[in-house]
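Only this structure's heavy atoms are used, side chains among them; waters, hydrogens and symmetry mates stay out. Predicted model only: the values in this text are computed from it and were never measured. By convention here, the first residue in the shown sequence is residue 1.
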Amino acid sequence: MHNKLLLEVKGLSGKKLAIELSPNEFYQSQVEEKYRICIVTNALTSPTFNIFRFEVETNKWTSENGHTLLLEKVIGARLKLD
């Protein structure tokens, strides 16, 4: 049996815990049970790791130490010269 953990790592220079996911990262986070998001704050000076998993029962991202991420869906667009 093959067990795999899918870990998306996001590094931040400050201590504010806020990230953006690409459309593919967001999709994978919703369909893969073993998907985790690791957010590293103060990455350049004193790194702190926060690992979150999606809880289907509560429909929330939570960490082992009880933090909960708020999810805000956004719509984007790409503009370019033709």
Side-chain angles (χ1 to χ4, degrees):
M1 177 167 217
H2 185 259
N3 291 327
K4 67 178 178 178
L5 178 66
L6 302 172
L7 186 64
E8 181 66 38
V9 180
K10 301 289 186 178
L12 303 168
S13 60
K15 61 182 176 180
K16 183 177 179 184
L17 212 150
I19 62 163
E20 292 187 10
L21 297 176
S22 71
N24 184 54
E25 291 166 346
F26 180 66
Y27 172 77
Q28 292 299 321
S29 75
Q30 301 296 298
V31 299
E32 288 287 345
E33 181 181 330
K34 301 223 181 238
Y35 194 94
R36 304 291 186 273
I37 297 175
C38 176
I39 304 174
V40 183
T41 55
N42 297 315
L44 302 175
T45 55
S46 180
T48 301
F49 296 84
N50 299 277
I51 299 177
F52 293 86
R53 68 180 295 205
F54 185 72
E55 301 287 344
V56 177
E57 303 81 27
T58 61
N59 197 34
K60 294 181 179 179
W61 283 93
T62 57
S63 68
E64 293 176 354
N65 57 4
H67 291 110
T68 300
L69 293 176
L70 299 176
L71 174 67
E72 179 185 353
K73 292 183 182 180
V74 295
I75 298 174
R78 177 173 294 152
L79 303 172
K80 64 179 183 175
L81 292 176
D82 55 328

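- Here ring pair (Phe, Tyr, Trp, His ring centres under 6.0 Å) pairs that include residues 20-43, with residues two or more places apart or in two chains, number zero.
- Between the CZ atom of Arg53 and the CD atom of Glu33 there is a distance of 7.0 Å, given to the nearest 0.5 Å.
- If you take CZ on Arg36 and CG on Leu7, they are separated by 9.0 Å, rounding to the nearest 0.5 Å.
- Remark: Ser29 engages no residue in a side chain to side chain donor-acceptor pair (under 3.5 Å) (not counting sequence neighbours).
- The neighbour count for Gln30 CD, taken as heavy atoms of other residues, nucleotides or ligands under 6.0 Å away, is above 12.
- Judged purely by distance below 3.5 Å, without hydrogens or angles, the side chains of Ser63 and Asn65 pair a donor atom with an acceptor atom.
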Distance-only donor-acceptor hits, side chain of residues 41-48, under 3.5 Å, sequence neighbours excluded:
none

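- Ile51 and Val56 fall into different hydrophobic clusters, where Ile, Leu, Val, Met, Phe, Trp and Tyr side chains are chained together by heavy-atom contacts under 4.5 Å.
- When the salt bridge (charged side-chain N to carboxylate O under 4.0 Å, His left out) test is applied to Glu25, the partners found at least two apart in sequence or on another chain are Lys10.
- Within the structure, the salt bridge (charged side-chain N to carboxylate O under 4.0 Å, His left out) test picks out no pair touching residues 69-82 (sequence neighbours left out).
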Notebook entry, point to check: Checking side chain to side chain contact (heavy atoms under 4.5 Å, CB included) for the pair Leu12/Ile19: CA distance, chi angles, key distance, verdict?
Noted result: CA-CA 8 Å; Leu12 303 168; Ile19 62 163; 4.1 Å; yes
Next item on the list: Give the C-alpha distance, both sets of side-chain angles, the deciding distance and a yes or no for side chain to side chain contact (heavy atoms under 4.5 Å, CB included) between Leu69 and Ile39.
Entry: CA-CA 11 Å; Leu69 293 176; Ile39 304 174; 4.3 Å; yes
Next item on the list: Evaluate side chain to side chain contact (heavy atoms under 4.5 Å, CB included) for Leu21 paired with Ile37, printing each intermediate quantity in order.
Entry: CA-CA 10 Å; Leu21 297 176; Ile37 297 175; 3.9 Å; yes
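- Atom CG in Leu5 sits 7.5 Å away from atom NZ in Lys34 (nearest 0.5 Å).
- Residue Leu81 belongs to no hydrophobic cluster, having no ILVMFWY side-chain heavy atom closer than 4.5 Å to its own.
- Residues in residues 41-79 take part in these ring pair (Phe, Tyr, Trp, His ring centres under 6.0 Å) pairs, two or more places apart or across chains: Phe54-Trp61.
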